[in-house]
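The model shown is predicted, which means the values in this text are computed figures rather than measured ones. Every chain is numbered from 1 and lettered A, B, ... according to where its sequence line falls, protein lines coming before strand lines.
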There are 2 protein chains.
Amino acid sequence: MATATSRTPARRAKGELARERLKNAAIAVLDRVGYHQLRIKDVTAEAGVAAGLFHHYYSDLRSLIEEILDEHIANAEATEVIERDVSKGDWFNRLRSHYRFAVRNHADHPGIMRCIHQFCADDPVFRERWKASYYKRLQLLVDVFPFVFPDSELSPHEVRLVVYGLSGIGQDLLREYFIERDPTLLALQLSEDELAEWLAVLQYRGLFACNPPEEQLHYAARILTIKRHASPPEHND
Amino acid sequence: MATATSRTPARRAKGELARERLKNAAIAVLDRVGYHQLRIKDVTAEAGVAAGLFHHYYSDLRSLIEEILDEHIANAEATEVIERDVSKGDWFNRLRSHYRFAVRNHADHPGIMRCIHQFCADDPVFRERWKASYYKRLQLLVDVFPFVFPDSELSPHEVRLVVYGLSGIGQDLLREYFIERDPTLLALQLSEDELAEWLAVLQYRGLFACNPPEEQLHYAARILTIKRHASPPEHND
DNA sequence: ATTGATCTTGAATCCAAATTCAATAATAAT
DNA sequence: ATTATTATTGAATTTGGATTCAAGATCAAT
């Protein structure tokens with residue numbers, strides 16, 4: 001934002017509007033076809049302007065997309081109130097808040113999330129930027145780990161391994177759900193909060209090797225019934 | 001394989017060799033630059049043949065890559081002995097075997113795994129093929145779920161949610177480790193077996209909400225020390 | 001109203017890479 | 001040895017799309 005208005009002092013309101021229109025058009029097309037299918041002509045057509053106008057505002061597609069993603073990331077970080085209303089020791093709610101955030105992000109901006117994923121896969125520079133943002137949240141967990149688990153004998157590297165490993169819970173699933181819209185998953189008819197809670201429970205179990213306090217579960221209480229028999233029955237397929 | 005030798009009866013041994021050389025060249029380049037940077041010229045140069053030869057054997061890049069990936073998938077499925085030496089109720093070893101397989105795959109074929117990931121992201125047809133292969137293993141888990149957890153009140157859809165969610169454990173991590181070669185992860189200096197075991201432990205905890213039997217842990221026993229205090233200490237960051 | 005700036009257009013140009021193809025070499029069959 | 005088939009080359013062409021640019025439209029300031 002700051003860059004956009006300050007870079008060229010001569011930039012006018014109308015120009016800013018056109019940039020906005022191009023960005024919104026790009027986001028719309030991203031939703032439909034994804035980053036690798038995206039063409040400048042698609043964007044200008046969607047925005048209802050001439051093809052040449054694009055280069056008046058952006059040097060190439062990459063820079064437009066970068067601007068969109070940077071804005072999204074900044075925006076997301078700003079609105080991430082997550083930690084605020086969660087009391088210090090309340091880990092389940094903390095994890096659930098993180099998932100609520102991730103779920104909402106996917107639900108509201110599937111095109112952008114897909115684009116981030118695609119962009120990361122072949123642009124090392126952007127991937128670092130994304131990781132920096134994404135792992136910042138994880139880092140919080142890494143940092144407090146020694147306090148939460150004072151008896152843990154894990155080295156800092158091992159802590160990172162555990163946290164990064166567990167952070168994978170639901171990543172693919174959210175993409176399948178909100179971006180590919182996999183029918184077998186959509187069939188679940190879950191609200192955003194429900195989905196977030198399910199994923200949080202799984203992560204909680206992975207982290208603490210036990211269930212979260214039952215009274216905190218609003219939707220996923222049934223998961224407590226996943227309890228293994230003392231002597232698991234032999235079974236033939 | 002069967003297709004390759006039978007499609008054109010007139011195809012000669014030398015031709016088969018050239019196809020092999022192209023495929024191997026492509027795999028080598030995939031390792032270096034990934035799918036989206038890959039150019040036909042790169043492949044022919046790497047193979048040491050003229051650019052035009054490519055089209056004698058393949059109609060386009062996509063079809064070459066598809067052949068490579070299909071072969072890889074078929075091959076992987078064939079060598080996946082996994083379930084064989086694991087006794088029926090021995091879930092921890094079963095999960096660990098799956099992870100050993102995934103880890104080995106990434107370690108041995110980083111270029112191909114990266115390509116699969118990129119390909120999936122923008123080719124819905126291929127994604128279905130990959131999911132079919134990948135989820136086949138998960139489906140096993142989904143199928144036996146009611147027998148392992150007879151008291152579970154989860155609907156089949158919910159079972160799928162849980163299994164898919166947990167299957168995300170380590171996905172990104174394996175990519176970061178073997179494809180991007182993230183230094184903070186490589187610093188762990190883990191053997192393939194160690195990595196597989198860590199991931200399996202995390203998944204086991206997520207699935208069973210408890211630790212795997214201690215005597216089965218060869219490397220990751222320290223994870224048992226992640227035990228939460230009865231009354232977690234308040235902590236200020 | 002005139003001026004100087006920015007905005008917008010779309011046809012013309014450029015470019016990287018895919019694709020074709022005529023010519024030549026290698027190989028197998030007889 | 002001759003012939004037919006397949007393999008290989010690399011220069012020429014085509015393609016899809018990005019990029020440029022001259023010309024006209026719009027706008028703000030005075």
Side-chain angles (χ1 to χ4, degrees), chain A residues 1 3-26 28-30 32-68 115 118-119 122-123 126, chain B residues 3-26 28-30 32-68 115 118-119 122-123:
Chain A
M1 277 268 161
T3 352
T5 47
S6 66
R7 187 166 36 195
T8 307
R11 191 168 286 153
R12 299 289 164 75
K14 198 180 177 194
E16 275 312 309
L17 253 178
R19 286 175 77 89
E20 280 314 309
R21 261 190 295 144
L22 284 174
K23 277 190 267 187
N24 289 332
V29 184
L30 278 180
R32 263 185 274 125
V33 303
Y35 174 61
H36 290 117
Q37 269 49 61
L38 187 67
R39 299 291 169 262
I40 289 177
K41 236 180 57 177
D42 298 337
V43 176
T44 52
E46 175 83 20
V49 301
L53 190 60
F54 181 90
H55 292 279
H56 188 68
Y57 293 106
Y58 296 97
S59 59
D60 56 10
L61 216 36
R62 166 163 308 250
S63 72
L64 162 60
I65 300 299
E66 262 179 17
E67 191 171 312
I68 290 175
C115 183
Q118 294 181 317
F119 226 68
D122 46 31
D123 180 340
F126 179 78
Chain B
T3 354
T5 48
S6 66
R7 188 165 34 193
T8 308
R11 190 168 287 152
R12 298 292 161 75
K14 199 181 175 192
E16 274 312 309
L17 255 178
R19 286 175 78 89
E20 279 316 307
R21 260 187 297 142
L22 284 173
K23 278 189 268 188
N24 290 332
V29 184
L30 278 180
R32 261 184 277 127
V33 304
Y35 173 62
H36 290 117
Q37 270 48 61
L38 187 67
R39 299 290 169 262
I40 288 177
K41 234 181 58 178
D42 297 338
V43 176
T44 52
E46 174 82 20
V49 299
L53 190 60
F54 181 90
H55 291 280
H56 189 67
Y57 293 106
Y58 297 96
S59 59
D60 56 11
L61 217 36
R62 165 163 307 249
S63 73
L64 162 61
I65 299 300
E66 261 179 18
E67 191 172 311
I68 290 175
C115 183
Q118 292 181 318
F119 226 68
D122 46 31
D123 180 341

Enumerate the protein-to-nucleotides 8-15 of chain C contacts in which both atoms are nitrogen or oxygen and the separation is below 3.5 Å.
from: C:dT8; atom 1: OP2; to: A:Tyr57; atom 2: OH; distance (Å): 2.9
from: C:dT9; atom 1: OP2; to: A:Ala50; atom 2: N; distance (Å): 2.6

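- Following rounding to the nearest Å, B:Glu16 (CD) and D:dT6 (C1') show an atom-to-atom distance of 13 Å.
- Per the geometry, CD belonging to A:Glu20 stands 14 Å off P belonging to C:dC7, to the nearest Å.
- When all heavy atoms are compared, the tightest approach of A:Cys115 to A:Ile65 is SG-CG2, 3.6 Å.
- In this entry the distance linking CG of A:Asp60 with C1' of C:dA16 reads 15 Å, nearest Å.
- Under the side chain to side chain contact (heavy atoms under 4.5 Å, CB included) criterion, A:His55 pairs with A:Ile40, sequence neighbours left out.
- A:Glu46 meets the salt bridge (Lys or Arg N to Asp or Glu O under 4.0 Å) test with A:Arg32; sequence neighbours excluded.
- Contact between B:Ile68 and B:Lys23 at its shortest, heavy atoms only, is CD1-O, 3.6 Å.
- Here the C1' atom of nucleotide D:dA7 and the CG atom of B:Leu22 are 12 Å apart, to the nearest Å.
- Listed here is the closest heavy atom pair of B:Arg19 and B:Tyr58: NH2-CE2, 3.5 Å.
- Summarising the geometry, the separation between NE2 on B:His55 and P on D:dT13 is reported as 17 Å, rounded to the nearest angstrom.
- Atom OH of A:Tyr58 is separated from atom C1' of D:dA18 by 17 Å (rounded to the nearest Å).
- Between B:His36 and A:His36, the two ring planes are parallel [angle under 30°; tilted spans 30° to 60°].
- Residues from residues 37-44 of chain A lying near DNA chain D, meaning a heavy-atom separation below 4.0 Å, are A:Arg39, A:Ile40 in numerical order.
- A:Asp60 meets the side chain to side chain contact (heavy atoms under 4.5 Å, CB included) test with A:Arg62, A:Ser63; sequence neighbours excluded.
- With sequence neighbours excluded, the residues forming a side chain to side chain contact (heavy atoms under 4.5 Å, CB included) with A:Asp42 are A:Val29, A:Arg39, listed by chain and number.
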